[in-house]
There are 2 protein chains.
Amino acid sequence: MDQAAELFAERGYHPTSVADIVESLGVGKGVFYWYFSSKEELLAEILKSSHQDLRRRQQQAIADEPNPVERIRLGIRASMQWFCEHRKHFTIFQFAASDERFAPVLRRNQEVAIADAVRHIKDAIVEGNIADQDPEVLAQAVVGVVEQLTQTYIFERSEPVDRAADAAVAFCLHGLCGE
Amino acid sequence: MDQAAELFAERGYHPTSVADIVESLGVGKGVFYWYFSSKEELLAEILKSSHQDLRRRQQQAIADEPNPVERIRLGIRASMQWFCEHRKHFTIFQFAASDERFAPVLRRNQEVAIADAVRHIKDAIVEGNIADQDPEVLAQAVVGVVEQLTQTYIFERSEPVDRAADAAVAFCLHGLCGE
DNA sequence: CGAGCGCTTGACCGGTCGGTCAAGAACGCG
DNA sequence: CGCGTTCTTGACCGACCGGTCAAGCGCTCG
């Protein structure tokens, strides 16, 4: 499944044939259809498992951190680190978002991620560290910043994750105006 | 070309055949290859012209506005308005970003958009309305926020553009912490 | 009128794709 | 060893795709 993700990311979903996948694995075509009912199901499975993996990483990173703002900072950092290590999944996510068959799966995954973020934002609002605005809007905006900076600075320019993560955190906390 | 964009957005690039496109136009296949050398060139052309259209809209919106922060606000608003009216192009952009053949074109387009934003951010820094940080990072972050909020609130939840735009502007200016 | 050219048609081609299936290998078990 | 189950193979199928091209339409201009 990991090998298939690699191929999907390199060449795109449609241009990668089932024949390509099984060949790169050195197995016959039958074995593919023994474990997956279709090529479509394979991609859905990749989407699901990578989302779980990212979420696990976020939870590990913020475990036991009492300060909610610090949890957000660590979550952003962990997410960017994960994308850096799993660049291929980023491309796959982008494709999936553009395909009507996979967009719903992706949307549900993102709803979970947003819900996670919302919890910490609410905590921070209660503690008075974050202004009292709609937490979901804030969470969506944070996700947007993280994805954009990840793509530009980590993938396209290969800058260190730390630098990009610090920039993302700084913007998310204080926006254009600074503190 | 507009009709083709519609189909690409609805069904995706690969699943939309040249036969589908010419059929929906009620013309023969030959006429397609008279005007475009390939299906790939058609998409590249769509990418190019829609980028120009969006940029024109931004420039119209901010024309004659002396205050750089206000220009940024108007630019964000105009962009979200444009995406709202050209939803199909948003989906196409997403697909293009996931395909190695089109990603370079898209990247150049985005570089232009970022450069536009950077100019106004620099002006605002000079005037002291925006903190003195790397303007390009700020511009990238703004783009991320705009794209994410557009997708979630305008496309998925059909909220009014004004509300989404106000939320984007508020976040971009002051981040999580508020003013 | 008719020669030439820009434009249009749609049958056709070579090739590829997702998915099937009959055949059999590998293995556990009595 | 014989038998059933699980897993594996790769040739094969029908469908479809991007792209070509010989043929023809209709407009302009001499």
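We use all heavy atoms of the structure for the numbers below, so side chains are in, but hydrogens, waters and symmetry mates are not. Chain letters run A, B, ... following the sequence lines, proteins first and then strands; every chain starts at 1.
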S.K.: Tell me whether the rings of B/Y13 and B/F102 are parallel (<30°), tilted (30 to 60°) or perpendicular (>60°).
M.R.: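 Perpendicular, since the angle between the ring planes exceeds 60°.
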
S.K.: Let me have a per-nucleotide readout for nucleotides 5-17 of chain C, 5' to 3', with B, S or -, counting only protein heavy atoms under 4.0 Å.
M.R.: --BBBBB-----S

S.K.: Provide, to the nearest angstrom, the distance between the CG atom belonging to A/L25 and the C1' atom belonging to D/dT8.
M.R.: 13 Å

S.K.: Do B/R87 side-chain atoms and B/F155 backbone N/O form a donor-acceptor pair below 3.5 Å?
M.R.: yes

S.K.: Taking A/E23's backbone N and O only, do any of them form a donor-acceptor pair with A/K29's side chain (distance below 3.5 Å, no angle check)?
M.R.: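 No.
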
S.K.: Can you tell me if A/R71 uses its side chain to pair, donor with acceptor, with the backbone of A/E65 under 3.5 Å?
M.R.: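 Confirmed, A/R71 side chain pairs with A/E65 backbone.
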
S.K.: Using a 4.5 Å cut-off on heavy atoms from C-beta on, say whether the side chain of B/F32 contacts that of B/L25.
M.R.: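 B/L25 does not reach B/F32 side chain to side chain.
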
